Structure formats: C-alpha cells, structure tokens
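Predicted, not measured: the structure shown is a model, and the values here were computed from it.
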Amino acid sequence: MAKYKFRLATLQKVREARRTQQRQALAEAFRAEQVLSESRVALTAEEAELRAIQRSASEGKYLNVNRLLEAQRYEMLLKARGQELAKQATLLAAETERRRQLLVEADRDVRVLELLDERHREEHNRRRQRLELKQLDEAALNRRHTAF
C-alpha cells in the first residue's frame, strides 16, 4: 500500500502561513498599544509636573502672571494631546480586536485541516492494517493447504 500523503497539504501550509501572518499583525497591535500606554503615562507625568509649576508660580509674595498664562496654554496643549491619545486608544482597541478575530478564524481554518488530516491518516492506517491482516490470513490459508 502506498505511503500516506495528505491531499490538502499545500492548502494547509498556506493557511498556516496566513495564521502566522495574523499572529504577527496581532503582536504589532499589542506593541502599538504598549507604546500608546507609555505615551499616556508620560503625559500624566507631564501634567503632574505642570501642576507643580502652577503651584510654584502662584505661591510667594509676587504672582508670576506670565508663567501662569504659559502654564495654562501648556495645560490646554496637554489636554488636547490627552484627547488625541484617547481617540487613538479607542481606534487601536478596535483594530486589535479585529486582528484577534482574524487570528481566531485563521487558527480555526488550520485546525479544520489538521483534524481532516488526522481522520484521513487514521483511515489510511485502518485500511493498511486490514490489508496486512488479509494478507496474513491468505498466507496462513496457503500454508494450511500446502501442509495437507
């Protein structure tokens, strides 16, 4: 009997490559989320620093109006950056979820072919075993007939 060969092996390799590509895309999205998270942490630190500057400008005997105005402008800039980062986070979360779903689909497609390959391999092995058993039975019958 011929050696087992899965007929859809090429398709399986293509689907595995697609799954690998989807994994990489999801990993990139996770890295982008990490960078965005680091940016948000840096922004929070800048806001805390700004509040310290505002307190120091308003303390003391003399009020430094120019410094307070400059701090207010900078605060508005930081708020705008914070809003932009929040928008980016929302978009990135949606993109990450989309990529996760694509990976799940690609993984399912590969798994379907793996299960099919497994079933075909088992069926091939059962046929081979039946054929071997049949050949052994025939050999035993031939020996029995030649012995008499």
For this session: Take Arg121 and Asp117 through the salt bridge (charged side-chain N to carboxylate O under 4.0 Å, His left out) test and state the conclusion after the steps.
Result: CA-CA 6 Å; Arg121 186 180 308 276; Asp117 181 28; 3.4 Å; yes

Exercise. Under the salt bridge (charged side-chain N to carboxylate O under 4.0 Å, His left out) criterion, do Glu70 and Arg67 qualify, and how do the steps go?
Worked result: CA-CA 5 Å; Glu70 186 178 307; Arg67 193 158 186 190; over 6 Å; no

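Taken to the nearest 0.5 Å, the CG atom of Leu103 stands 11.0 Å off from the CZ atom of Arg108. For the atom pair Arg15 CZ and Asp109 CG, the distance stands at 4.5 Å (nearest 0.5 Å). In this structure, CD in Glu122 is found 10.5 Å from CD in Gln129, a value given to the nearest 0.5 Å. In this structure, Gln83 CD and Leu85 CG are separated by 10.5 Å, a value rounded to the nearest 0.5 Å. Going from atom CG of Asp137 over to atom CD of Glu132 covers 12.0 Å, rounded to the nearest 0.5 Å. To the nearest 0.5 Å, atom CZ of residue Arg51 and atom CD of residue Gln54 are 8.0 Å apart.
Residues Leu116 and Leu8 come closest through the heavy atom pair CD2-CD1, 3.7 Å. Annotation for Arg99 and Ala29: closest pair NH1-N, 3.8 Å, computed over non-hydrogen atoms. Ala106 and Arg19 get closest at one heavy-atom pair: CB-CA, 3.8 Å. Closest approach of Glu16 and Glu114 over heavy atoms only: OE2-OE2, 4.2 Å. The shortest heavy-atom contact between Leu113 and Phe6 is O-CZ, 3.7 Å.
For the 3.5 Å distance criterion, the side chains of Gln101 and Glu105 fail to qualify, holding no donor opposite an acceptor.
Within 6.0 Å of CD in Glu84 there are more than 12 heavy atoms belonging to other residues, nucleotides or ligands. With a 6.0 Å radius and a threshold of 12 heavy atoms from other residues, nucleotides or ligands, Arg7 has its CZ atom at or below the threshold. Within a 6.0 Å radius of CD in Glu49, other residues, nucleotides and ligands contribute 12 heavy atoms or fewer.
When side chains are defined from C-beta on, Gln135 counts as touching Leu131, because their heavy atoms get closer than 4.5 Å. Considering only heavy atoms from C-beta on, Arg100 comes within 4.5 Å of Glu97 through its side chain.
Counting only distance, with no hydrogens or angles, the side chain of Ser37 and the backbone of Glu33 share no donor-acceptor pair below 3.5 Å.
Hydrophobic clustering, with ILVMFWY side chains joined whenever heavy atoms are under 4.5 angstrom apart, groups Tyr4 together with Leu11. Hydrophobic clustering (side-chain heavy atoms under 4.5 Å, transitive across Ile, Leu, Val, Met, Phe, Trp, Tyr) keeps Leu92 apart from Leu102. In the hydrophobic cluster analysis, where Ile, Leu, Val, Met, Phe, Trp and Tyr join through side-chain heavy atoms closer than 4.5 angstrom, Leu77 is grouped together with Leu50.
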